[in-house]
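Here the structure comes first, spelled out in structure tokens, and everything after it is commentary.
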Amino acid sequence: MQSELQHPVRLRFAPSPTGYPHLGNIRTALFNWLFARHHGGKLILRIEDTDVARKVEGAIDAIIGSLRWLGLDWDEGPYLQSQRLPDYHQVADRLLQEGHTYWCYCSPERLESMRQEQARLKQPPKYDRRCRDLTQEEGHRLETDGVRPVMRFRTPLEGETTVSDLIHGPVSFKHETLDDFILLKSDGYPTYHLANVIDDHSMEISHVLRADEWLSSTPRHVLLYKALNRQTPHFAHLPMILGPDRSKLSKRHGATTITEYQKQGYLPEAMVNFLALLGWSLDDRTELLSREELIQHFSLDRVGKTAAIFNREKLDWINGVYLRRLSPEEFVNQAMPFLERDLPESVGRPLDPGYVSEVLALVQERARTLAEVPQLASFFFVDEPDYNAALLLSGKLDVTSATGALSAALRSASCIKDWQAASLEETMRSLAVELNLETRELFGLLRVAVTGRTAAPPLFETMAVLGKDRCLKRLDAALRLLSTLE
RNA sequence: GCCCCCAUCGUCUAGAGGCCUAGGACAUCAGCCUUUCAAGCUGAAGAUCAGGGGUUCGAAUCCCCUUGGGGGCACCA
């Protein structure tokens, strides 16, 4: 596009360190990243830390960590707004001199009671502009009284501002519905509105991609750009991601921070794929896209307008797909930390890598998240699986027949020299015939005896991995367990 | 209360006037495969396209109203 040749594509992700990044923040980061990479542009990381009071310790690290985990890289930054205060003051001075802003000496208490009164009268809460036309003398007097003022924007009383949005099209706001918003707080820090506009301009941001919640403050930003006689960037307001209760995502919604998903065993590639599909789609059938394909195809035209509720079930499915696609070695690498973390303490550490990879070969296609792996594999590691003896009995098998079958199996098994899945299967199949049992009955019995579960990886491969000693011990233990039933 | 946005299966979505008796995916259910589970395959169910008016030969698609949902209205971002 011609305009893009003239103005390089420069995007920014500008989170505030007031909490750990959640799905919504990261989806915004992802779309910014995809757009920048698709157009061969730059992505700038900017930390909007102008709220000293709400600053959360460790939030910046969490933001950076999350981006890195997902493989979303940036070209400049992180810039910290708290270190750019002089820039904001310079611009604020200029705005004041040119009459676009004024000092306001109203106390928070007065503003609060004003709002309460407005609420009582069912009026829109809006600053009543008491200081808008204060004389200099009045201002000086208040200042010598020790009042620390805020700087407000002198919003035009009439007319309207139209925001042209790449996703929504033109959106108009009447000035009478806007109020004189604050640009500089009494602590000298700029508000979001001021800092954001100044930085987007000085960092030459070409496209602002941010969540829909910002749409209603965009006219203020446009007004500011106009007052500064600067051109606005292109705006694109992305659909929000809502919690299951359809409200804005917040801590209330439980596991919502991105690091939480990492802990729960989701792969970054799966996460990226899933997040990309929240609000964007390629066509009417493609669900699985690699990072490269996403970059190649990403386009604002295909971003929707409707807020989305993320559903974990689909994430689980995508994650399972990505888990199965991993090479066995890579799966071991990924799963190992989860085994170390979640296997029972009684299991000796460090884990034997050779044994682990044999086990995980049987687990890989059964896990939807890495956090499920220790669960699925625990019986491979513990000394004796702990289970309810009643599991040994099912269908036609009563204590007597189960005991008979189990001891026969124990005898046959102990004679097997070549402890491999194939020979185990051969032996046990013929044993089933001898015992006049269905294979499912005998195998089911053995499965419980060997794994302690009714659902497990294929029996004979499992036995092969467990090894002869361990299997014989477990068959023996099962026999003793059976004897306690009567 | 005021302003703004949005509205297709439970959820994510395709659909930019005729291809739609609305397609795909997840989840659900059934069957197949099979020693269980998982995976895979096949199939089913699931949306009067929020409702009502227009415009048009023809509307999920365009316009209006209503309703519903969401967001914003801080010395928070």
Side-chain angles (χ1 to χ4, degrees), chain A residues 14-19 48-51 53-54 104 106-108 111-112 115 118-119 121-127 148-152 163 165 168 171-174 176-179 181-189 191-193 195-196 211-219 237 239-240 242 244 246-248 274 277-288 301-302 304-318 320-321 324 362-368 376 425 428-429 432 438-448 451 453-460:
Chain A
S16 69
T18 51
E48 312 231 317
D49 56 346
T50 54
D51 187 341
R54 289 204 315 153
C104 168
C106 296
S107 68
L111 295 176
E112 184 48 41
R115 263 180 232 116
Q118 285 164 339
L121 298 171
K122 294 199 190 292
Q123 287 172 348
K126 221 166 72 168
Y127 176 56
R148 310 266 310 141
V150 299
M151 184 184 282
R152 286 183 186 271
V163 174
D165 186 279
H168 294 277
V171 183
S172 298
F173 299 83
K174 289 191 172 53
E176 63 196 57
T177 67
L178 270 26
D179 71 352
F181 54 101
I182 293 173
L183 296 180
L184 234 38
K185 301 181 250 185
S186 57
D187 65 2
Y189 276 74
T191 59
Y192 172 84
H193 306 301
N196 167 72
D212 257 342
E213 57 187 319
W214 293 109
L215 185 54
S216 38
S217 47
T218 307
H237 288 90
M240 309 254 297
L242 272 19
R246 304 204 128 273
S247 74
K248 197 171 156 178
F274 173 72
L277 259 20
L278 241 36
W280 176 87
S281 64
L282 174 60
D283 54 29
D284 61 343
R285 51 194 69 254
T286 312
E287 305 284 342
L288 268 13
D301 308 337
R302 300 206 57 85
K305 298 178 184 175
T306 38
I309 299 170
F310 93 101
N311 74 317
R312 200 200 197 82
E313 259 136 20
K314 187 157 182 176
L315 205 211
D316 283 347
W317 170 72
I318 290 186
V321 171
R324 273 174 255 127
L362 299 179
V363 167
Q364 182 165 5
E365 72 170 17
R366 292 174 173 74
R368 284 171 313 168
L376 289 167
E425 178 161 1
M428 294 305 161
R429 276 192 189 280
E438 298 285 340
T439 46
R440 58 169 63 249
E441 293 171 326
L442 208 222
F443 296 179
L445 173 63
L446 293 176
R447 179 174 302 106
V448 173
T451 68
R453 305 178 182 188
T454 52
L459 179 60
F460 304 112

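Lettering of chains follows the sequences in order, A, B, ..., and the numbering in each one begins at 1.
Taking each heavy atom of A:L178 and A:P219 in turn, the nearest pair found is CD2-CB, 4.2 Å. In terms of heavy atoms, A:K185 sits closest to A:D51 at NZ-CA, 3.8 Å. Residues A:H193 and A:S217 come closest through the heavy atom pair CE1-CB, 3.7 Å.
Across all strands shown, nothing is found opposite B:A22 as a Watson-Crick or G-U wobble partner with both distances under 3.5 Å. The nucleotide B:U67 finds its pairing partner in B:A7, both defining distances of the Watson-Crick or G-U wobble pair being shorter than 3.5 Å. Pairing for B:A59 is absent, with no Watson-Crick or G-U wobble pair whose two atom distances lie under 3.5 Å. Of all nucleotides present, only B:A30 satisfies the Watson-Crick or G-U wobble test against B:U42, with each distance under 3.5 Å. Both distances falling under 3.5 Å, in either a Watson-Crick or a G-U wobble arrangement, place B:C73 opposite B:G1.
Candidate nucleotides B:C12, B:C5, B:A27 were compared by shortest atom distance to the side chain of A:K314, and B:C12 ranks first.
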Sequence-aligned protein contact record of nucleotides 70-77 of chain B, with B where the base is within under 4.0 Å of a protein heavy atom and S where only the sugar-phosphate is: SSSBSBBB

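Within 4.0 Å (heavy atoms only), A:A308 reaches sugar-phosphate atoms of the nucleic acid but no base atom. Using a 4.0 Å heavy-atom distance criterion, A:K122 is classed as a sugar-phosphate-only contact. Among the atoms of the strands shown, none is found under 4.0 Å from any heavy atom of A:R368. Contacts of A:P457 with the nucleic acid, taken as non-hydrogen atoms under 4.0 Å apart, include base atoms. Within the 4.0 angstrom heavy-atom criterion, base atoms lie near A:R366. A:G279 comes within contact range of the sugar-phosphate backbone alone, with a heavy-atom separation under 4.0 Å but no base atom that close. Residue-level contact check: A:L459 touches the bases, meaning some heavy atom is under 4.0 Å from a base atom.
A:K126 places a side-chain N or O within 3.5 Å of a backbone atom of A:E176 that can act as its donor or acceptor partner. With A:T191 contributing its side chain and A:I182 its backbone, the two residues share a donor-acceptor pair below 3.5 Å. Although no hydrogens or angles enter the test, the distance criterion places no donor-acceptor pair under 3.5 Å between the side chain of A:T286 and the main chain of A:D283. In this structure, the side chain of A:D165 engages the main chain of A:H237 through a donor-acceptor pair within 3.5 Å. Remark: side-chain polar atoms of A:R302 are not paired, donor with acceptor, to backbone N or O of A:W280 under 3.5 angstrom. Not a single donor-acceptor pair under 3.5 Å links the side chain of A:D316 to the backbone N or O of A:R368.
Atoms CG and CG, on A:L288 and A:L282 in that order, are 12.0 Å from each other to the nearest 0.5 Å.
For B:G24, its base sits under 3.5 Å from the side chain of A:E287 at one donor and acceptor pair at least.
For A:W317 and B:A39, the CH2 to C1' distance is 13 Å, given to the nearest whole Å. Between the P atom of B:C26 and the CZ atom of A:F310 lies a distance of 18 Å, rounded to the nearest Å. When rounded to the nearest whole Å, the span between CG of A:D301 and C1' of B:A16 equals 11 Å.
When the P atom is compared between B:C5 and B:C65, the two are found 12 Å apart, to the nearest whole Å.
Along RNA chain B, the nucleotide closest to A:K305 and the one closest to A:R447 are compared, and the more 5′ of them pairs with A:K305. Annotation: of the two residues near RNA chain B, A:L278 and A:F173, the 5′-most nearest-nucleotide partner is A:F173.
Within the 4.0 Å cut-off from OP1 or OP2 of B:C5, not a single side-chain nitrogen or oxygen of A:H237 is found.
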Please produce a list of atom pairs where a protein N or O lies less than 3.5 Å from an N or O of nucleotides 61-63 of chain B.
none

